[in-house]
*Asks:* 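This is the structure, below, for whatever I ask next.
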Amino acid sequence: MPDLLLELLSEEIPARMQARAAEDLRRLVTEGLVERGLTYAHATAFVTPRRLALAVAGLAERSAAVREERKGPRVDAPEKAIEGFLRATGLAREDLEIRDDKKSQVWFAVTERPGRAAAEIVAETVEAVVRGFPWPKSMRWGEGGLRWVRPLHGILCQLSTEAGAKTVPLEIEGIRAGDTTRGHRFMAPEPIRVSGFEEYAARLERARVLLDPAERAERIRHDATQLAFAQGLEVVEDEALLAEIAGLVEWPVVLMGRIEERFLDLPPEVLQTSMKAHQKFLSVRDPKSGRIVGYVVVANRETADDGATILAGNARVLAARLADAAFFWENDLRMPPEAMAAKLDGVTFHNRLGTQGERIARIAALAREIAPLVGADPDLAERAARLAKADLASEMVYEFPELQGVMGRYYAGRAGEDPSVAAAAQEHYSPLGPSDSVPDAPVSVAVALADKIDLLTGFWWIDEKPTGSKDPFALRRAALGSVRVILDTGVRFPVLPILSHAMTHALHAAYITSRSAMIDPIKDLESSGAVVEEIYEARTRLEGATKALSLDDLLGDLGGGQASEVRGKVDNLFSFFIDRLKVHLRNQGIRHDVIDAAFQLGGQDDLVLLVARVRALQEFLGTDDGANLLAGYKRAVNILSQEEKKDGVEYSLDPHPSLAETDAERALFTALDAAEVAIAPALDAEDFAGAMTALAGLRGPIDAFFDTTIVNAENDIVRRNRLCLLHRIRTVMNRVAVFSAVEGG
Amino acid sequence: MTTTPKSFQDIILRLQSYWAAQGCAILQPYDMEVGAGTFHPATTLRALGPRAWAAAYVQPSRRPTDGRYGENPNRLQHYYQYQVLIKPSPPDLQDLYLGSLAAIGIDAALHDIRFVEDDWESPTLGAWGLGWEVWCDGMEVSQFTYFQQVGGHDCRPVSGELTYGLERLAMYVLGVDHVMDMPFNDPGAAIPLSYGDVFREAEREYSRWNFEIADTDALLRHFEDAEAECARILAAPETDGAGRRIVMALPAYDQCIKASHLFNLLDARGVISVTERQAYIGRVRALARACADAFVAAEAVAA
């Protein structure tokens with residue numbers, strides 16, 4: 001059972017691509033081997049900045065022989081058909097066999113493909129994998145046509161058994177597979193001859209290459225923790241950064257430095273981001289003060305001075321970076337948040353929706369409107385919305401976009417704004433992803449909702465909705481975020497009026513922006529001197545009218561057509577919310593059809609209430625009573641719609657109890673009356689469990705009715721009364737949910 | 001082991017002699033205002049077409065928005081790049097590059113030299129390539145790029161491009177914290193000159209002009225003139241009055257360079273909005289593409 005060792009040595013592979021590439025190599029090579037008939041026991045892939053490596057253990061020595069039989073045309077078939085068969089099989093006529101087949105004789109092609117040696121299959125597989133490797137970005141180099149992530153320099157490919165290792169004969173675009181690799185670029189650059197995986201890994205380690213990325217990451221973690229611990233400090237955990245650093249070095253050497261005193265007053269997020277983004281340093285914290293006081297540099301080599309030069313160089317680079325950051329911080333602090341926000345008036349948000357400044361004004365108006373609904377002070381909510389995005393105009397956020405919100409909070413706080421206003425600058429972006437929490441401070445909630453709803457209504461108005469995988473404005477995230485904010489905080493309000501209001505603001509924004517877009521070309525003509533006085537005056541009037549046009553004026557001007565367009569888009573956006581709600585609740589095991597059953601009641605725009613109803617309903621459907629009642633409901637509705645179709649009438653009159661003939665029928669009348677009486681107050685009290693209990697009381701009577709009573713009675717009056725009774729079952733149950741939307745039953 | 005350089009110019013001279021020894025033609029700077037060494041036709045245009053090429057040169061580069069009136073220790077509106085372009089990219093280009101670091105006194109046994117992913121793209125040139133930024137002890141000292149496309153054309157063969165930011169590299173090697181303090185010539189010379197002696201006043205004056213004074217209407221006019229002239233040159237018939245077939249890719253490309261620099265000046269004056277920015281870049285890219293088309297056509301005539 002030979003083992004395969006494959007190494008593809010190249011120039012430096014981007015850290016972010018390494019893990020995926022190792023996994024792709026393992027998968028593609030093993031799949032390729034198996035497809036070509038070569039089995040294996042197990043396979044492991046490794047990656048360093050300069051190499052992808054794969055060890056496949058327990059390969060078969062050969063693939064099994066394959067015998068293939070193919071039935072051809074009849075012996076007396078036209079010549080052309082037989083020639084076609086010969087072409088298809090690649091055989092000559094004398095190679096074919098004649099066999100009896102029912103009443104005639106037929107040509108048969110029997111091909112035997114002998115098993116192939118492992119080396120041959122490996123060579124073929126490796127070449128195919130290298131040529132078609134799914135790098136996210138690949139390149140050509142020199143005069144060649146081969147694509148790889150960076151220039152490929154060497155292929156080590158050998159099969160080893162107890163008898164020794166043999167190079168697999170293989171050549172790709174002038175690169176011939178051999179039995180050598182190279183060690184660390186600087187510490188052991190000479191070729192190393194290896195025989196088998198164990199020796200390969202061991203020799204590489206002696207040549208200062210740790211093959212396994214997990215081992216490199218572990219060494220970095222261990223050494224960094226030790227270094228920090230020795231000084232009473234701790235390393236700030238950052239798994240993603242650790243993995244990235246492990247992808248930048250073949251031989252990690254951990255060094256620790258201290259941040260200069262003069263930079264320690266910078267916010268910890270700034271220190272951390274600056275060190276991480278530019279320098280790939282891990283941050284080191286003083287557990288007593290919680291402050292970031294140092295950093296860990298991971299070098300790729302040992303040096304005679306134990307890294308002193310490397311650490312000094314890195315410290316100088318960091319000092320320059322932090323000096324920049326301190327400069328931004330001080331400049332930003334000099335500018336009041338209002339002044340910063342004012343700069344956004346000149347920044348385009350979207351060419352059909354106007355400037356950032358205009359968007360902020362809309363968010364502020366909306367936040368004020370939402371504030372009382374979520375228990376926030378309207379003045380504070382409006383103030384918070386006006387300042388929440390001010391930091392987008394700050395120098396720090398220009399340099400480090402990932403600090404948006406964080407800086408806004410510092411700047412608003414330093415400017416003496418109310419703490420809830422400052423917090424909203426950071427929290428209104430949340431939730432940013434599935435693992436991010438939602439804000440719970442009322443002012444933050446108001447601004448978070450206003451921000452997301454403005455974004456959604458704006459893009460809905462100009463028909464820039466997400467399609468398929470395309471969602472450039474992250475609208476799905478905004479809708480899901482809104483849903484999560486509402487559900488997690490449990491704030492209760494009807495969403496539709498808010499969406500409608502926001503949608504009219506979007507309409508206004510789009511209208512004003514399009515009018516301005518009409519005016520701009522006239523201005524350009526004027527500046528070129530080509531326009532006569534009258535046009536100048538017309539433009540000035542148009543401009544004045546546009547600026548003065550309020551939302552109310554605009555709505556008055558536009559009339560009914562726009563109103564119905566607003567309604568249509570609001571409904572469409574709201575069903576997008578419900579789709580996000582379904583995705584969100586699916587993770588909690590709530591069925592989409594149960595959501596539909598509640599949603600289809602109409603007017604369900606209090607999401608908290610909707611979800612309470614859905615939860616109660618799903619729980620009820622899980623009980624014996626619920627499942628049986630659903631079956632009874634479906635049976636009733638099926639019979640009813642069949643008969644209505646047959647007769648061409650709707651049986652929706654009130655059934656009359658005096659026409660009831662069986663006991664079960666009479667009992668059903670009583671039960672429906674009782675349920676109706678109980679359901680209404682339960683629903684009014686939002687006691688959905690109570691409403692379900694009332695429904696549960698119908699199960700027995702409905703079952704008994706169907707067991708004993710034939711709906712389609714001989715007597716037509718009785719029959720019609722019973723159909724109306726079925727209709728009443730549906731009506732009563734549909735007060736709680738549209739049960740027909742529930743699947744199964 | 002080489003000695004440590006003493007001055008900014010010492011570093012330039014060492015790079016010149018190193019790359020000359022590797023067989024590069026040592027060219028002089030292009031005589032126009034450019035934003036980076038890549039704009040020199042010896043890089044942009046020579047990266048196109050099938051003919052082999054090897055050149056190295058210093059290119060003064062101007063980035064008006066980076067001006068800081070000579071006060072910032074690291075930022076300048078006028079600075080120097082050292083540029084190497086070899087086509088086809090040789091298999092040992094990384095080693096050749098490391099050799100150049102050794103030549104300017106960076107000892108790979110003491111320093112931590114790393115190739116960190118950095119894909120290069122120039123939207124104005126319609127060009128992109130893959131490569132790295134090279135780090136020395138956490139400091140970016142060079143860009144290393146394998147050109148894949150220029151002016152919308154696939155590069156075949158592929159060129160290897162090295163770009164050294166000379167001031168930053170020299171400050172690192174010489175251990176200087178403020179660019180203006182860096183020795184320009186030998187500090188032991190009879191008349192020692194610092195970088196500030198040479199350039200401080202220029203940085204002040206150009207910063208003021210770039211940010212405050214430049215006549216934006218005139219710049220805009222010049223931009224449009226350059227754009228029109230570029231198109232006019234390329235629209236001229238390939239055959240001149242005497243029956244010679246001469247495609248004028250190079251004069252047209254000069255106009256593209258001009259337009260690009262004028263755009264940078266307009267940008268520094270803050271008169272270009274975010275959306276307009278994209279439109280201007282698109283206009284320069286269209287020029288670069290047209291020039292690349294013409295160059296490829298001219299190469300085909302020459303071949």
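Given the structure is predicted, the values throughout are model-derived calculations rather than measurements. Each chain gets a letter, A, B and so on, in the order the sequences are listed, and its residues count up from 1.
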*Asks:* Is the backbone of B:F115 close enough, under 3.5 Å, to the side chain of A:E12 for a donor and an acceptor to pair up by distance?
*Replies:* no
*Asks:* Say you draw a straight line from CG of B:L110 to CZ of A:F186; how long is it, rounded to the nearest 0.5 Å?
*Replies:* 12.5 Å
*Asks:* Please confirm whether the backbone N or O of B:E117 pairs with a side-chain atom of A:R16, one donor and one acceptor, at under 3.5 Å?
*Replies:* no
*Asks:* Report yes if some heavy atom in the side chain of B:R156 is under 4.5 Å from a heavy atom in the side chain of A:R140; otherwise report no.
*Replies:* yes
*Asks:* Picking from B:L93, B:D154, B:N72, B:D119, which has the most non-hydrogen pairs under 4.5 angstrom with chain A?
*Replies:* B:D119
*Asks:* In terms of heavy-atom pairs under 4.5 Å with chain A, which of B:D217, B:D95, B:V158 leads?
*Replies:* B:V158
*Asks:* What residue in B:G131, B:G175, B:S159 has the most heavy-atom pairs under 4.5 Å with chain A?
*Replies:* B:G131
*Asks:* For A:M187, is it the side chain, the backbone, both or neither that has a heavy atom under 4.5 Å from a heavy atom of chain B?
*Replies:* neither
*Asks:* With respect to chain A, which residue among B:L98, B:N74, B:I86 yields the maximal number of heavy-atom pairs within a distance under 4.5 Å?
*Replies:* B:L98
*Asks:* Side chain, backbone, both or neither: which part of A:H153 has a non-hydrogen atom closer than 4.5 Å to chain B?
*Replies:* side chain
*Asks:* Measure from the side-chain N and O atoms of B:S89 to the backbone N and O of A:W141, and report whether any donor-acceptor pair falls under 3.5 Å.
*Replies:* no
*Asks:* Once rounded to the nearest 0.5 Å, what's the spacing between atom CZ of A:R50 and atom CD of B:Q94?
*Replies:* 7.0 Å
*Asks:* CG of B:D137 to CG of A:L255: how many Å apart, nearest 0.5 Å?
*Replies:* 9.5 Å
*Asks:* Under 4.5 Å from any heavy atom of chain B, what part of A:V253 do you find: side chain, backbone, both or neither?
*Replies:* neither
*Asks:* Hey, does A:L248 have a side-chain heavy atom less than 4.5 Å from the side chain of B:V116?
*Replies:* yes
*Asks:* Answer yes when B:D177 and A:R316 have at least one side-chain N-carboxylate O distance shorter than 4.0 Å, and no when they do not.
*Replies:* yes
*Asks:* Using atom types as modelled and distance alone, determine if a side-chain donor or acceptor of B:D112 lies under 3.5 Å from a backbone N or O of A:N300.
*Replies:* yes
*Asks:* Taking C-beta and beyond as the side chain, do B:I113 and A:R301 meet within less than 4.5 Å on heavy atoms?
*Replies:* no
*Asks:* In plain terms, say whether B:D118 and A:R150 are close enough for a salt bridge, that is, a side-chain N and a carboxylate O under 4.0 Å apart.
*Replies:* no
*Asks:* A:M139 versus B:F147: any side-chain heavy-atom pair under 4.5 Å?
*Replies:* no
*Asks:* Could you tell me which of B:K87, B:R75, B:M139, B:R114 has the largest number of non-hydrogen atom pairs under 4.5 Å with chain A?
*Replies:* B:R114
*Asks:* Give me the atom names and distance for the closest heavy-atom approach of B:G138 to A:N314.
*Replies:* CA-OD1, 3.2 Å
